[in-house]
Amino acid sequence: MALPGSLLLAALLWVPAEALSCYGDSGRPVDWFVVYKLPAHSAAGDKPREGLKYKYLDQSSEGWRDGVGYINSSEGAVGRSLLPLYRGNSSQLAFLLYNDQPPKSSSARDAASRGHTKGVLLLDREGGFWLIHSVPRFPSPASSGAYSWPPNAQTFGQTLLCVSFPFSQFSRIAKQLTYTYPLVYDHKLEGVFAQKLPVLEEVIKGHHVLQEPWNSSVILTSAAGATFQSFAKFGKFGDDLYSGWLAEALGTNLQVQFWPNSRGSLPSNCSGTHQILDVLQTGFPGPSGPAFLATEDHSKWCVAPRGPWACVGDMNRNEREMHRGGGTLCSQLLALWKAFQPLVRAWKPCGQDS
């Protein structure tokens, strides 16, 4: 039996719903990507856009590539992935924006007691993505209506890891956020999302884990089936994420890039079974590099010198953050390890406090 004209038209126009996902520099959905925003060097006065350049990596890029355009453009991976957040028709979406240095200072009243953690959850009923980053005052709230890059984040290096996940994984991610204790400055969790993700609603209300253990590790499976392992700690864990837990959990030495300019930065630590070595200089392959010092780099990542682990997160190595929540997302994906391991140009040997 032939369908009536209106039903036939609807059938022809109907497209199966696809889950939200990370978008790559290619403009197409990807399972994961890493963006490394490069520091602006002293010549930035002559080149005002130098602090907006970035390197890009995904599962099919075969290593680091120069970013498409600049980090403040919605044509690149980060801007394109966040576009659904700024569209007016976000009724079918849920999102969570958190940052211990939020865009509006009025949101930061209790920031010091919250986790040192920064990220975005953006999802529909099929799935979405988790964007873990190191960028202060980013991203702008949904009400701003447009993607932008904060001027304060141009000078130093920054890392952003985006992973696409099916809907089923967001309850596990929500559990991790009860340990990291994020400062949520913008959110939307209504209807079916609130019903199916009650723990995420608790995170929005500022609730956190209340009893030991004060740390949690969970396996997460991406939309394409890649395995990631999330490590999250609450402030009462009372130890450095890397030397107090991560190296032992992964069974490897770690080279750690973090912001060393804060007071109380921890030196390289070789007191345990595994060495925790502070990165001093990062350099990208090729004659033009670029290479830069850790003091120019606000990014937070670590890599196993002999493989195959690589992690991107939001925690530094300093005395204060031993008593704050935060975490990192790790994987044994060979493409990730092969990209990060050669970046380490120099590190601080144990026994050197300065």
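Along the sequence shown, residues are numbered consecutively beginning with 1.
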> When you measure from the side chain of Arg324 to the backbone N and O of Arg114, does any donor-acceptor pair fall under 3.5 Å?
Replying inline: yes
>> Looking at every heavy atom in both Thr282 and Arg345, which two are closest together, and how far apart are they?
In response: C-CG, 3.9 Å
> Of all residues at least two apart in sequence or in a different chain, which pass the side-chain contact (heavy atoms from CB on, under 4.5 Å) check with Glu248?
Replying inline: none
>> Can you list everything that forms a ring pair (Phe, Tyr, Trp, His ring centres under 6.0 Å) with Trp64? Sequence neighbours excluded, please.
In response: Phe284, Phe340
>> So which atom in Ala226 and which in Asp31 form the shortest heavy-atom distance, rounded to 0.1 Å?
In response: CB-OD2, 3.7 Å
> Just by modelled atom types, is the Val30 backbone N or O under 3.5 Å from a matching donor or acceptor in the Ser164 side chain?
Replying inline: yes
> Side chains of Asn318 and Ser265: is there a donor and an acceptor less than 3.5 Å apart?
Replying inline: no
>> Who clusters with Met315? Use side-chain heavy atoms, under 4.5 angstrom, across I, L, V, M, F, W and Y, and order the result by chain and number.
In response: Tyr179, Tyr181, Val209, Trp214, Phe231, Phe234, Phe237, Leu241, Tyr242, Trp245, Leu246, Leu250, Leu254, Val256, Phe258, Ile276, Trp309
> Hey, does the side chain of Glu321 reach the backbone of Asn316 with a donor-acceptor pair shorter than 3.5 angstrom?
Replying inline: yes
>> How long is the straight-line distance from NZ of Lys233 back to NE2 of His323, given to the nearest 0.5 Å?
In response: 8.0 Å
> Do the non-hydrogen side-chain atoms of Trp130 and Phe165 ever get within less than 4.5 Å of each other?
Replying inline: yes
> Thinking salt bridges, do Asp100 and Lys118 make one under a 4.0 Å N-O criterion?
Replying inline: yes
>> Please enumerate all residues that pass side-chain contact (heavy atoms from CB on, under 4.5 Å) together with Ser299, with sequence neighbours excluded.
In response: Tyr36, Ser134, Thr159, Gln257, Asp297, Trp301
> Residues two or more places apart in sequence or in another chain: which of them pass side-chain hydrogen bond (donor to acceptor under 3.5 Å, both in side chains) with Thr180?
Replying inline: none
>> Just to verify, what does Asn152 make a side-chain hydrogen bond (donor to acceptor under 3.5 Å, both in side chains) with, not counting sequence neighbours?
In response: none
> Does some side-chain heavy atom of Thr328 sit less than 4.5 Å from a side-chain heavy atom of Asp314?
Replying inline: no
> Of all residues at least two apart in sequence or in a different chain, which pass the side-chain contact (heavy atoms from CB on, under 4.5 Å) check with Val199?
Replying inline: Ala174, Thr178
>> Listing request: all disulfide bond (SG atoms under 2.5 Å apart) pairs with a residue in residues 284-318, at least two apart in sequence or in separate chains.
In response: Cys311-Cys330
> In chain order, what residues pass the salt bridge (charged side-chain N to carboxylate O under 4.0 Å, His left out) check against Asp278, with sequence neighbours excluded?
Replying inline: Arg317
> Who passes side-chain hydrogen bond (donor to acceptor under 3.5 Å, both in side chains) against Gln229, sequence neighbours left out?
Replying inline: Ser217
> Considering residues at least two apart in sequence or located in another chain, which fulfil the ring pair (Phe, Tyr, Trp, His ring centres under 6.0 Å) criterion with Trp259?
Replying inline: Phe156, His298
Donor-acceptor contacts under 3.5 Å from residues 136-150 side chains, at least two apart:
{"from": "Ser140", "atom 1": "OG", "to": "Tyr86", "atom 2": "OH", "distance (Å)": "3.3"}
{"from": "Ser140", "atom 1": "OG", "to": "Ser144", "atom 2": "OG", "distance (Å)": "3.0"}
{"from": "Ser140", "atom 1": "OG", "to": "Ala146", "atom 2": "O", "distance (Å)": "3.4"}
{"from": "Ser144", "atom 1": "OG", "to": "Pro141", "atom 2": "O", "distance (Å)": "2.7"}
{"from": "Ser144", "atom 1": "OG", "to": "Ala146", "atom 2": "O", "distance (Å)": "3.4"}
{"from": "Tyr147", "atom 1": "OH", "to": "Ile71", "atom 2": "O", "distance (Å)": "2.7"}
{"from": "Trp149", "atom 1": "NE1", "to": "Ala153", "atom 2": "O", "distance (Å)": "3.3"}

>> Using side-chain heavy atoms (C-beta onward) and a distance below 4.5 Å, is Leu200 in contact with Leu121?
In response: yes
> Side-chain contact, heavy-atom cut-off 4.5 Å: Ser74 with Leu83?
Replying inline: yes
